> 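The structure is given below, and queries will be raised subsequently.
For reference, positions follow the sequence shown, starting with 1. Predicted model only: the values in this text are computed from it and were never measured. When a ligand or atom number is given, it counts from 1 through the structure's own listing order.
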Amino acid sequence: MFYIFTVVLLFLISMGHSAPPVCERLVQPLKQLEPHHLQGRWALVAGSLNHSSSMEALRLRDSITMYFSNSSETSIFSYTQINRFGDHCQSLPYNISVEGSTFTFNVGDRFNLTGSFLYTSCPDCLVMQWTVKSRRRASEDLYLLSRRRQVEQQEMKEFEAQVACYDLPAAAVMDASKELCPEQAETQPAIPEKTGAQIKEEAE
Ligand SMILES: *[C@@H]1O[C@H](CO)[C@@H](O)[C@H](O)[C@H]1NC(C)=O
Ligand SMILES: *[C@@H]1O[C@H](CO)[C@@H](O)[C@H](O)[C@H]1NC(C)=O
Ligand SMILES: *[C@@H]1O[C@H](CO)[C@@H](O)[C@H](O)[C@H]1NC(C)=O
Ligand SMILES: *[C@@H]1O[C@H](CO)[C@@H](O)[C@H](O)[C@H]1NC(C)=O
């Protein structure tokens, strides 16, 4: 990992850029986030996190859709994440508080999940940085969401550079040919990541 990081660093230096200024821009939270910009359906395009079993669970999902409710009056949004495993759609509803460009999942003391919306040059994308602290998992996550299923190569490169700035493993890129789940899927209680693999096994 350190070796790869060093190579990337040397590469950037040899290109006439130094890594820190590039990262400074790439890890910057958005200054302003229009609540309406969040509203609606987003597809997960790619993601990376430094917790290996959760990263494996991410790779097992055929598609992930995120829905944000319209919230003009309050800073509380409903956030529903729908994971597809084969024919199964698993719906995970949450409320999140958004303040400026930072957010907190409101899940009582089940776990702590906070983060921010980061800079992106992609006009119909969101880059979410998550900090997860639970009994089973302490991780740093980065997710690229878009209104599209696939982004342009240079947009993906920018996300990969963001992932490198956080020193995270190479991003898992979702298969854009797999269908997204509809917003109204069978609702299941929020369950551990491990169950994702079990659902996948049942589906096979
Ligand atoms: C979301 O809220 C804004 C302002 O309240 C409104 O203009 C817009 O039509 C709403 N969108 C939907 C899909 O309800
Ligand atoms: C979200 O907040 C609403 C209003 O307080 C509440 O009725 C609902 O149960 C909450 N949903 C979740 C998943 O916590
Ligand atoms: C979440 O954060 C609060 C306050 O920082 C702390 O008291 C609590 O133990 C944390 N919960 C978990 C599951 O880490
Ligand atoms: C992931 O990174 C965060 C922040 O650097 C760190 O607190 C956490 O312990 C790391 N988790 C693992 C599993 O390495």
> Quick one: are the ring centres of Phe105 and Tyr79 less than 6.0 Å apart?
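For Phe105 and Tyr79, the ring centres are under 6.0 Å apart.
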> Which of the numbered atoms in ligand 2 are under 4.0 angstrom from any heavy atom belonging to Pro93?
13 (C)
> Do any nitrogen or oxygen atoms of ligand 4 lie under 3.5 Å from a protein nitrogen or oxygen, and which ones?
residue, atom, partner, partner atom, Å
ligand 4, 2 (O), Asn50, ND2, 2.3
ligand 4, 11 (N), Asn50, ND2, 3.1
ligand 4, 11 (N), Ala138, O, 2.9

> For a 4.5 angstrom cut-off between non-hydrogen side-chain atoms, does Val163 reach Cys165?
no
> Should the ring pair Phe117 and Phe103 be called parallel, tilted or perpendicular, given that the plane angle runs from 0 to 90° and is split at 30 and 60?
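Correct class here is tilted.
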> When you compare ligand 2 with Asn106, is there at least one nitrogen or oxygen pair between them that comes in under 3.5 angstrom?
no
> Test Lys178 against Asp62 for salt bridge (Lys or Arg N to Asp or Glu O under 4.0 Å), laying out the working first.
CA-CA 6 Å; Lys178 301 278 173 68; Asp62 289 323; 3.3 Å; yes
> Side chain of Ser63, backbone of Glu179: donor and acceptor closer than 3.5 Å?
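Answer holds: yes.
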> Between Lys157 and Glu160 (salt bridge meaning N to carboxylate O under 4.0 Å), is one present in this structure?
no
> Return yes if a side-chain donor-acceptor contact under 3.5 Å exists between Gln90 and Asn83, otherwise no.
yes
